[in-house]
Amino acid sequence: MQIGVETAKAVDQRRVFVVDEDEIIRAALQFMLHDEIETHELGSLDEAYAKGQGWLAPDVILLGVSIVAARGVDVVAEITGRYPAVRILIVTGKEDEATAIAALKAGAHGALVKPLTLEAVRRKVDTILGREGGAPLVQLGGL
């Protein structure tokens, strides 16, 4: 058991997929979350779709803004078409605010804005999962 990890969170049966082209961001997010929730890092949506079949479907997808930029905002509807109950958080920096806002308008549920910190990432994931200790979600135009 890790220090500072609540037992109830550590045994939570839900899972997070971190889908980002940036290997460093994926690894950082996986490291920040793995103590409190099952977390998988994947480099593409194709990998996520292959891994997320059957019982391994994700509850949350942390989606890199670069994937939204490359595939367009319709990628949000594509993901929710595959996983109707999934919650999507866009991982972005201020420089990609317009793309992130477009993804939010297209149905993404919130955003994680860089620089990423352990506390902020865990709070946001807790919020999106409805777990105690959550933080307010980012509102449109409030990146």
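Because the structure is predicted, anything quoted here is derived from the model rather than measured. These values consider heavy atoms only, across backbone and side chains, with no hydrogens, waters or symmetry-generated copies.
Proximity of Ile90 to Asp96: side-chain heavy atoms (C-beta onward) are nowhere separated by under 4.5 Å. The closest side-chain heavy-atom distance from Arg82 to Leu45 is not below 4.5 Å.
The side-chain hydrogen bond (donor to acceptor under 3.5 Å, both in side chains) test applied to Ser44 returns no partner, not counting sequence neighbours. Residues that satisfy the side-chain contact (heavy atoms from CB on, under 4.5 Å) test with Ala106, not counting sequence neighbours, are Val73, Val76. Contacts of Arg15 classified as side-chain hydrogen bond (donor to acceptor under 3.5 Å, both in side chains), with partners at least two apart in sequence or in another chain: Glu38.
Here side chain to side chain donor-acceptor pair (under 3.5 Å) pairs that include residues 46-59, with residues two or more places apart or in two chains, are Tyr49-Glu78. Applying the salt bridge (charged side-chain N to carboxylate O under 4.0 Å, His left out) test to every pair with at least one member in residues 20-34, sequence neighbours left out, gives these pairs: Arg26-Glu41. Sorted by first then second residue, the side chain to side chain donor-acceptor pair (under 3.5 Å) pairs that include residues 111-121, not counting sequence neighbours, number zero.
A continuous path of Ile, Leu, Val, Met, Phe, Trp and Tyr side chains, each step under 4.5 Å between heavy atoms, connects Val65 with Ile79, placing both in one hydrophobic cluster. Hydrophobic cluster membership differs between Leu63 and Phe31, with clusters built from Ile, Leu, Val, Met, Phe, Trp and Tyr side chains linked at under 4.5 angstrom. Linking Ile, Leu, Val, Met, Phe, Trp and Tyr residues whenever their side-chain heavy atoms come within less than 4.5 Å leaves Leu56 and Leu33 in two separate clusters. At a threshold of 4.5 Å between side-chain heavy atoms, the hydrophobic network of Ile, Leu, Val, Met, Phe, Trp and Tyr places Ile25 and Ile61 in two separate groups.
When all heavy atoms of Ala111 and Leu104 are compared, the closest pair comes out as N-CD2, 4.4 Å. Between Tyr83 and Gly52, the shortest heavy-atom distance links the atoms CE2-O, 3.1 Å. The two atoms that bring Arg14 and Ile37 nearest to each other are O-CG1, 3.2 Å, heavy atoms only. Nearest heavy atom pair, residue Ala48 against residue Phe17, reads O-CE2, 3.5 Å.
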Are Leu29 and Leu116 close enough, and set up right, to give a side-chain contact (heavy atoms from CB on, under 4.5 Å), and what steps lead you there? CA-CA 8 Å; Leu29 286 167; Leu116 302 170; 3.8 Å; yes
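Going from atom CZ of Arg123 over to atom OG1 of Thr127 covers 8.0 Å, rounded to the nearest 0.5 Å.
In this structure, the side chain of His109 engages the main chain of Ile88 through a donor-acceptor pair within 3.5 Å. Within the 3.5 Å criterion, the main-chain N or O of Leu129 finds no donor-acceptor partner in the side chain of Arg87.
None of Thr39, Val19, Val18 except one satisfies the side-chain contact (heavy atoms from CB on, under 4.5 Å) rule with Leu62; the exception is Val18.
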